[in-house]
Amino acid sequence: MSEKGKLIVISGPSGAGKSTVVFKAIENRNDVCFSTSVTTRKPRPGETDGKEYFFIDWDRYNEMVARDELLEHAEYVTNGYGTPRAFVEKQMDAGLNVLLDIEIQGARQVREKMPDAVLIFVAPPSLEELERRLRGRGTDTEQAIEGRLKRARQEYAEADFYDYLIINDDVEKAAHALNAIMDAAHCRFADKVEWLKNQ
Ligand code: ADP
Ligand code: 5GP
């Protein structure tokens, strides 16, 4: 049987460069897939149902929570977000690493439920640089930028349960680090005990 895939959680302040680094890291890999979350927030212009998110209403969200269909879920600002469990389990069973881009409360639940998951926090080289990137991205209002900077400081104070911290000062270097972490996860001794026994 092929080896099971790993669950890889990526968190970090909005604007740290998570999407940029992840896309760079996986462009030449075929052993990684993304989990698409459900959310109660409305689609932004350009977002498509089933691509960025599955957009659902609160009734459906609460139903999924009640039926334990979400591996983790959290309310962020005023909306609910969650990771559908069935997809993640199916892909991992098929040997694929599954990437979750989720906020810190959800990451904490994953830590508790799936101790083997690899938790990675991506940070910008400084909060000044974070502010420059948010302005450069051009998707946030002045008020939203202030809010995101404040939120970043709070997240730093709570992030001590992650396994790895990648400082994204350079996209290539950060993508290399992410790939190294994923590869190392497949070399854990504890996962290889059966293989050794069969030698
Ligand atoms: P996130 O997914 O964490 O919200 P993005 O990937 O959207 O962040 O990146 C935020 C902005 O910062 C984008 O405009 C992106 O091009 C830019 N960016 C990402 N990584 C770097 C980097 N290492 N150096 C400079 N700019 C970067
Ligand atoms: P946005 O609404 O800007 O797309 O996402 C807001 C925040 O929700 C981001 O920090 C993103 O990582 C997080 N998020 C997206 N999907 C999930 C999810 O399934 N679970 C949790 N806990 N957070 C999520």
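None of these values were measured; they are calculated from a predicted model. For ligands, and for the atoms within them, numbers begin at 1 and follow the listed sequence.
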#### Entry: Given V9, V110, V88, the one that forms side chain to side chain contact (heavy atoms under 4.5 Å, CB included) with T83
V88
### Task
May I have the step-by-step check of ring pair (Phe, Tyr, Trp, His ring centres under 6.0 Å) for F161 and F121, ending in yes or no?
CA-CA 10 Å; F161 64 94; F121 195 87; 8.9 Å; no
Looking only at protein heavy atoms, which one is nearest to [atom], and what is the separation?
atom	result
atom 17 (C) of ligand 1	R133 CD, 4.2 Å
atom 10 (C) of ligand 1	G15 O, 3.6 Å
atom 14 (N) of ligand 2	D101 O, 3.7 Å
atom 15 (C) of ligand 1	T20 OG1, 3.7 Å
atom 23 (N) of ligand 2	E103 N, 3.2 Å
atom 20 (N) of ligand 1	N168 ND2, 3.0 Å

### Min heavy-atom dist R41 to ligand 2 below 4.0 Å
yes
### Query
Hey, does H73 sit under 4.0 Å from ligand 2 if you only count heavy atoms?
no
Hey, is [X] close enough to [Y] for a salt bridge, meaning N to O under 4.0 Å?
X	Y	answer
K192	E3	yes
D68	R85	yes
D31	K6	no
R151	E155	yes
D57	K42	no
K150	E146	no
E103	R108	no
R133	E129	yes
K4	E89	no

### Message
Quick check on G12 - does any of its heavy atoms sit under 4.0 Å from an atom of ligand 1?
### Response
no
Within the supplied structure, the quantity of interest is the number of heavy atoms (other residues, nucleotides, ligands) at a distance under 6.0 Å from [X] [atom1]; does it exceed 12?
X	atom1	result
I181	CD1	yes
K113	NZ	yes
Q143	CD	no

Go through ligand 1 atom by atom and flag the ones less than 4.0 Å from a non-hydrogen atom of [X].
X	value
V171	20 (N), 21 (C), 22 (C), 23 (N)
K18	1 (P), 2 (O), 3 (O), 4 (O), 6 (O), 8 (O)
P13	3 (O)
S19	2 (O), 6 (O)
S14	4 (O)
D170	23 (N)

### Contact partition for R148 relative to ligand 2, non-hydrogen atoms under 4.0 Å
neither
### Query
What part of E72, side chain from CB on, backbone N/CA/C/O, both or neither, has a heavy atom under 4.0 Å from ligand 2?
side chain
For [X], the ligand 2 atoms whose distance to one of its heavy atoms is below 4.0 Å:
X	answer
T83	19 (O)
G106	22 (N)
A74	22 (N)
R44	1 (P), 2 (O), 3 (O), 4 (O)

### Under 3.5 Å: N/O of G17 near N/O of ligand 1
yes
#### Entry: N or O pair under 3.5 Å between R137 and ligand 1
yes
### Query
If you measure from atom 16 (N) of ligand 2 to every heavy atom of S37, P43, G82, A144, which option wins on shortest distance?
S37
### Message
Considering Y76, F54, Y53, Y81 one by one, which has a heavy atom nearer to atom 2 (O) of ligand 2 than any of the others?
### Response
Y81
#### Entry: Within reach of ligand 1, part of D169 (heavy-atom separation under 4.0 Å)
backbone
### Query
Applying a 4.0 Å heavy-atom criterion (strictly less than), which segment of A174 is in contact with ligand 1: side chain, backbone, both, or neither?
neither
### Query
Any chance the rings of F34 and F23 have centres within less than 6.0 Å?
yes
### Query
Is any heavy atom of the protein nearer than 4.0 Å to atom 6 (C) of ligand 2?
yes
### Summary
Heavy-atom nearest pair, A174 first then N168, reads CB-OD1, 3.8 Å
